[in-house]
Amino acid sequence: MPKKIRDKVNDLLNSEEEIANVIVKGWVRTRRDSKGGFSFLEINDGSCLVGIQVVADHNLKSYQAVAEHLHTGSCVAITGKLVASPGKEQKWEVHASEIELYGSADAEKYPLQKKRHSFEFLREIAHLRPRTNTIGAVMRVRNRLSYSVHKFFQDRGFLYLHTPIITASDCEGAGEMFQVTTLNLDQPPMNNGKTDYSQDFFGKKTALTVSGQLEGEIYAMALSDIYTFGPTFRAENSNTSRHLAEFWMVEPEMAFYDLDDDIDLAEEFIKFLLKDVLENCQQDMEFFNKRIDKTILQTLTGIVDCDFERIHYSDAIHMLEKSSEKFVYSVEWGCNLQSEHERYLSEKVFKKPVVIYNYPEGIKPFYMKMNEDKETVRAMDVLLPKLGEIIGGSQREDDLDALTARMKEKGLDPKEYWWYLDLRRYGSAPHSGFGLGFERLVQFVTGMENIRDVIPFPRTPKHASF
RNA sequence: UCCGGUGUGGCGCAAUGGUAGCGCACUCGGCUGUUAACCGAGUUGUUAGAGGUUCGAGUCCUCUCACCGGAGCCA
């Protein structure tokens with residue numbers, strides 16, 4: 001047994017019996033005084049959504065000394081006994097025998113009040129917002145989902161692979177990159193009018209990773225099934241409720257999987273995650289269903305039980321062309337699907353997750369496997385109602401000549417990717433993978449509207465405080 | 001980056017170009033095994049910033065900044 005520092009509120013609330021000696025440590029959420037000579041304190045320690053009620057008699061030696069500091073936000077340690085509560089709202093409460101004040105919080109200055117705050121305001125006090133019900137619940141669910149990601153892959157024999165954060169390859173052209181350098185930017189060394197990166201720390205131009213996929217493929221071509229789960233960086237000037245400059249991505253990569261196997265895994269993965277969180281975060285999920293999105297439990301349960309719709313890109317285009325819906329952007333074969341098109345398909349036509357696959361070659365990156373029709377590649381996107389794209393994946397091109405040709409078509413220099421091509425040169429094999437945006441998953445599961453509220457410290461253009 | 005919207009006490013919001021107000025929070029008092037506690041009283045403002053129109057600007061105009069929503073890019 002690990003050493004006991006104090007009793008966690010969650011454990012006490014789930015107790016089967018009265019306990020003579022308990023120590024609760026946490027932050028005061030509310031205090032209600034009774035002139036009958038005692039106060040009710042609600043103490044929350046983050047171990048669960050609700051706090052535990054503490055009854056503190058004013059005759060306690062320690063009470064008078066700390067009473068004036070027992071405001072919302074202050075931190076206390078309370079010794080006492082766990083007894084059945086006569087109140088309606090809770091089963092258990094703690095009768096205090098001693099109160100120790102760790103840190104007070106000036107009631108007139110503490111920004112968090114015992115009432116609802118807008119999420120915009122809470123983002124300005126990101127160092128205090130984890131003390132709110134909503135952010136606390138989001139982070140507990142986020143934690144469970146993280147655990148669940150590992151559990152899903154570990155149960156299936158996948159290896160957790162740590163791919164590099166700093167990279168010298170513009171992996172897939174997946175957006176603008178954050179440069180990493182130790183050069184003096186006021187006076188960089190020059191060579192023929194250009195910055196001389198041979199003098200930089202790594203001897204070449206480097207940046208933060210936009211994807212661990214290419215490195216993931218290397219290990220999949222040796223260890224068969226791997227996954228990465230780590231931070232990813234995109235320097236796009238994106239200002240939306242679905243984009244972050246720093247986010248976490250889950251990227252499995254599997255040898256011997258074709259596109260169908262890839263889609264099967266993606267569907268199984270999402271269902272596993274939703275089912276797990278419904279079973280293990282009940283209290284928090286009920287909170288989201290009550291306060292954030294009244295349809296969230298119904299939506300998640302429905303997805304766990306349904307079969308994802310799978311349609312060819314070409315069929316999707318036909319459906320959109322035949323539709324009577326008026327779109328801002330017109331549809332034709334070869335174009336990228338716009339948000340409005342994806343939403344129409346997942347929300348109005350199928351009303352469930354939709355997998356669109358076999359996209360035109362021209363709108364997808366060089367590494368995706370060409371189909372026999374020479375027009376489409378084995379790419380797939382998983383679209384969720386309301387949220388949009390949560391997964392993008394593909395079967396990878398495993399033919400050396402085809403891959404080299406496509407790189408040249410896309411204006412990439414095969415020499416730069418010599419190691420990537422070596423995987424096709426020596427012992428190549430069919431393989432596939434996908435990337436899942438972790439914050440978008442948390443968003444979808446909790447019903448939170450803005451991605452900045454499902455990551456502890458959001459990084460977006462012009463925002464890197466805290 | 002583009003389009004649209006919004007910036008007013010600590011927070012959430014009102015105010016036909018004419019004396020800046022309400023709710024919550026907070027402080028004090030009352031009541032109470034209370035629990036979004038309740039009742040009464042009180043404190044709180046450079047109306048985002050700069051300039052302009054006007055007898056008079058929170059309100060109209062110009063610029064700047066910030067935030068929100070939508071779009072693009074994508075996960």
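A, B, ... follow the sequence lines: proteins, then strands. Residue 1 opens every chain.
Nearest-nucleotide mapping onto RNA chain B: of A:Pro111 and A:Glu108, the residue sitting toward the 5' end is A:Pro111.
The C1' atoms of B:rG69 and B:rG30 are separated by 46 Å, rounded to the nearest whole Å. Here, B:rG18 and B:rU54 have their C1' atoms 12 Å apart, quoted to the whole Å. B:rG42 and B:rU46: their P atoms are spaced 22 Å apart (whole Å). To the nearest whole angstrom, the two P atoms, one in B:rU6 and one in B:rG10, are 23 Å apart. With C1' as the reference atom, B:rU44 and B:rA25 are 11 Å apart, rounded to whole Å. If you take atom P in B:rC61 and the same atom in B:rC22, they sit 29 Å apart, rounded to whole Å.
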Any chance you could lay out the ring-ring contact (aromatic ring centres under 6.0 Å, His included) test for A:Tyr417 and A:Phe366, step after step, and finish with the verdict?
CA-CA 12 Å; A:Tyr417 294 84; A:Phe366 71 93; 5.5 Å; yes
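A donor N or O paired with an acceptor N or O is found under 3.5 Å between the base of B:rU35 and the side-chain atoms of A:Gln90. A donor and an acceptor atom sit less than 3.5 Å apart, one in the side chain of A:Ser238 and one in the base of B:rC73.
The aromatic ring of A:Phe38 does not stack onto the base of B:rG33, failing the criterion of a centre distance under 5.5 Å from the six-membered base ring together with planes under 30° apart.
Taking only side-chain atoms of A:Thr30, from C-beta outward, the nucleotide of B:rA37, B:rU34, B:rA71 with the closest atom is B:rA37. Of the candidates B:rG72, B:rC74, B:rG33, the closest approach to any side-chain atom of A:Glu93 belongs to B:rG33. Listed candidates were B:rG33, B:rC73, B:rA75. Nearest to the side chain of A:Gln53 is B:rG33. Comparing B:rC74, B:rC68, B:rU1 by their nearest atom to the side chain of A:Asn450 picks out B:rC68. Closest contact between the side chain of A:Arg123 and the listed nucleotides B:rC68, B:rU1, B:rG10 involves B:rC68. Of the listed nucleotides (B:rA75, B:rG33, B:rA71), B:rA75 has the atom at the smallest distance from the side chain of A:Glu389. You'll find that the side chain of A:Gln113 is closest to B:rG10, out of B:rG33, B:rG10, B:rC74. You'll find that the side chain of A:His71 is closest to B:rU27, out of B:rC67, B:rG33, B:rU27. Taking only side-chain atoms of A:Thr240, from C-beta outward, the nucleotide of B:rG33, B:rC11, B:rA71 with the closest atom is B:rA71.
Rounded to whole Å, the distance from OH on A:Tyr329 to C1' on B:rC73 is 12 Å.
Side-chain contact annotation: A:Ser39 with A:Asp33, donor-acceptor N/O pair under 3.5 Å present. Side-chain atoms of A:Thr232 and A:Arg234 include no donor-acceptor pair closer than 3.5 Å.
Base pairing analysis places B:rC65 opposite B:rG7; the two distances defining the Watson-Crick or G-U wobble pair are each below 3.5 Å. Pairing for B:rU46 is absent, with no Watson-Crick or G-U wobble pair whose two atom distances lie under 3.5 Å. The partner of B:rA37 is absent, by the rule that a Watson-Crick or G-U pair needs both atom distances under 3.5 Å.
Geometric assessment of A:Lys364 against the ring of A:Tyr359 yields a positive cation-pi assignment under the 6.0 Å and 45° thresholds.
Ring centers of A:Phe153 and A:Phe229: at least 6.0 Å apart, outside the cut-off.
An OP1 or OP2 oxygen of B:rA71 is reached within less than 4.0 angstrom by a side-chain nitrogen or oxygen of A:Arg343.
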